S.K.: 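Mind having a look at this structure? Questions to follow.
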Amino acid sequence: MTARLASLLALGLLLSACCGTPENSAPLVKQKSDQGKLELTLVTTPQPPTRGLDSAVLTVTDPSGKPVAGLTVGLTPYMPAMGHGGSVQPTVTDKGNGVYDITNLYLYMPGEWQLIFQFSGPVTDSATLAITVD
Ligand SMILES: [Cu+2]
């Protein structure tokens with residue numbers, strides 16, 4: 001094969017390794033909400049999250065696995081070791097079928113962060129998801 005073809009193949013492998021869609025990724029966090037009403041699955045981009053502006057997809061089901069759509073989702077990033085939050089309010093968009101897109105997730109320091117979720121609407125509950133930023 002030609003060198004050009006080989007480099008294209010290498011590029012393709014690189015792209016597929018670095019930029020898999022969230023749907024194809026194993027979750028970073030999977031846990032129940034505080035009152036156990038919801039099952040939460042978080043996939044971040046990049047995953048694991050890196051310092052800076054990240055995004056994520058939160059998938060929400062009830063305990064039987066049925067998607068929970070139509071929630072109002074409040075999200076506060078917080079760095080417990082240092083007692084501060086983020087300077088940017090993340091945006092949460094209901095994509096339907098229990099899928100919530102999170103953008104503007106600005107995690108500007110490496111270390112342990114908490115994503116503190118407040119759910120209201122069809123279900124009221126809360127959850128704190130611990131993540132580590134590289
Ligand atoms: Cu900090």
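Because the structure is a prediction, the values reported are computed rather than measured. Values below: every heavy atom of this structure, side chains too, minus hydrogens, waters and symmetry copies. Counting starts at 1 for both ligands and their atoms, following the listed order.
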S.K.: Report the distance from atom OG1 of Thr76 to atom CG of Leu115, rounding to the nearest 0.5 Å.
M.R.: 9.5 Å
S.K.: Could you grab the protein N, O or S atoms closer than 2.8 Å to the Cu ion (ligand 1) for me?
M.R.: Met79 SD, Met82 SD, His84 NE2, Met109 SD
S.K.: Can you name the ring pair (Phe, Tyr, Trp, His ring centres under 6.0 Å) partners of Tyr100, sequence neighbours left out?
M.R.: none
S.K.: Using side-chain heavy atoms (C-beta onward) and a distance below 4.5 Å, is Phe117 in contact with Leu58?
M.R.: yes
S.K.: Measure the spacing between CG of Leu28 and OG1 of Thr44 and express it to the nearest 0.5 Å.
M.R.: 4.5 Å
S.K.: Is Leu42 linked to Leu71 within one hydrophobic cluster, defined over Ile, Leu, Val, Met, Phe, Trp and Tyr using a side-chain heavy-atom separation of less than 4.5 Å?
M.R.: yes
S.K.: Atom CD1 in Ile116, atom OG in Ser126: separation rounded to 0.5 Å?
M.R.: 9.5 Å
